[in-house]
Amino acid sequence: MKRFLVAANIALLLVAGATRAADVPDVDVDNAHVEAAPADHALRISGVIGTRFESDVRAALDRNPDTRRLIVSGPGGMRAQALRVAELANARGLAVRVSGRCASACALMWAAANSREMTFDSGVGLHRSALDPTLPLPDPLRQKIMARNDRQTDDVLRHAGFPERVIAAGASTPATSMSWFSPYELKTGGVPFVLLDTSGHAASIDTRTGRLMSAISSDATQSHSRQ
């Protein structure tokens, strides 16, 4: 019995870094594209969060020390890699900006960032966690890992200021599907982030009409930091 528990705990630790959505491409093969955007003082990151994600972002930051933000989009991937890059962004005082569709582990990375930005035409996608179906795990252990990941996701979203209705909607969405949330839904729900207009300037939303208001700042580098 003791030997089984030790083996189960080891499996739990090993799989924790490899969890991904069931419909996401193979994270051992695919990896997000990381490209410097010097004019924006940014790294543009798009695609699947794979096994090389953290190391690729670190290397790109080392090559581009003037980087102020990570501009992200993608279908998700490895949650542990996503959270480590969020920690890296926080340690270096970088904002994380969603531009386009950012789902699953990508959304978790954005939520875990201390400084968040979002373009007016983007969206954040949430769903329950999943494990690679090819991993040879007993079902009780598989369920235990997924339940732990779901609790972690809820904690990250709650700490980021997501309303309970959004957290509940994500938690009730199967891993093979996605619940999408617009900047309007998140902003009016109380999630703190800087909304950006077409020119990259901070803007506001008319809560009565849902329309983007005129820019309220000409400084695109502004970003909200949690107190």
Side-chain angles (χ1 to χ4, degrees), residues 32-47 49 53-54 57 60-61 64-77 81-126 153 156-163 166-167 170 180-207 210-227:
H33 179 66
V34 181
E35 180 182 16
D40 296 321
H41 298 285
L43 295 183
R44 292 189 176 274
I45 301 170
S46 60
I49 298 174
F53 186 58
E54 181 191 10
V57 172
L61 288 173
N64 300 275
D66 293 333
T67 298
R68 299 175 188 169
R69 62 181 45 82
L70 308 179
I71 302 176
V72 302
S73 63
Q81 290 278 329
L83 289 172
R84 284 200 288 268
V85 168
E87 291 176 358
L88 176 62
N90 293 342
R92 300 198 182 193
L94 307 177
V96 177
R97 177 187 297 179
V98 171
S99 179
R101 288 197 157 194
C102 175
S104 193
C106 179
L108 192 63
M109 174 174 59
W110 182 72
N114 288 342
S115 183
R116 296 186 296 273
E117 302 172 347
M118 194 173 185
T119 60
F120 79 99
D121 56 350
S122 57
V124 168
L126 302 174
T153 295
V156 169
L157 297 180
R158 197 166 284 120
H159 186 66
F162 279 62
V166 171
I167 296 173
W180 290 99
F181 301 93
S182 68
Y184 174 82
E185 292 174 286
L186 297 178
K187 200 69 171 176
T188 57
V191 182
F193 65 92
V194 170
L195 178 66
L196 303 173
D197 65 13
T198 53
S199 61
H201 296 156
S204 62
I205 290 178
D206 186 329
T207 56
R211 291 182 178 179
L212 191 71
M213 303 290 285
S214 59
I216 59 176
S217 171
S218 61
D219 184 4
T221 67
Q222 291 185 22
S223 56
H224 176 89
S225 296
R226 290 198 301 269
Q227 300 300 318

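Any value given below was found using the heavy atoms of this structure, including those in side chains, with hydrogens, waters and symmetry copies removed.
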Are side-chain heavy atoms of [X] and [Y] found at a separation under 4.5 Å?
X	Y	result
Arg84	Phe53	no
Ser46	Ser73	yes
Pro75	Ser104	no
Val96	Val72	yes
Val191	Pro163	yes

Can you name the closest pair of heavy atoms from [X] and [Y] and give their distance?
X	Y	value
Pro183	Ser122	CD-O, 3.1 Å
Asn64	Ala36	OD1-CB, 3.5 Å
Ala60	Val34	CB-CG1, 3.7 Å
Trp180	Ala103	CH2-CB, 3.7 Å
Gly170	Leu126	CA-CB, 3.9 Å
Gly161	Pro192	CA-CD, 4.3 Å

Nearest 0.5 Å, please: how far is [atom2] in [Y] from [atom1] in [X]?
X	Y	atom1	atom2	answer
Leu88	Glu54	CG	CD	7.0 Å
Arg158	Thr153	CZ	OG1	11.0 Å
Leu70	Leu61	CG	CG	6.0 Å
Ser115	Leu94	OG	CG	8.5 Å
Met109	Cys102	CE	SG	5.5 Å
Cys106	Arg101	SG	CZ	12.5 Å

Please check if the side chain of [X] supplies one atom and the backbone of [Y] the other of a donor-acceptor pair under 3.5 Å.
X	Y	result
Asn90	Asn114	yes
Trp110	Glu117	yes
Arg97	Ala42	no

Quick one: list whatever passes salt bridge (Lys or Arg N to Asp or Glu O under 4.0 Å) with Asp40, sequence neighbours left out.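 Partners of Asp40 under the salt bridge (Lys or Arg N to Asp or Glu O under 4.0 Å) test: Arg44.
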For Arg92, enumerate each residue passing the salt bridge (Lys or Arg N to Asp or Glu O under 4.0 Å) test, keeping only those at least two apart in sequence or located in another chain. Asp62
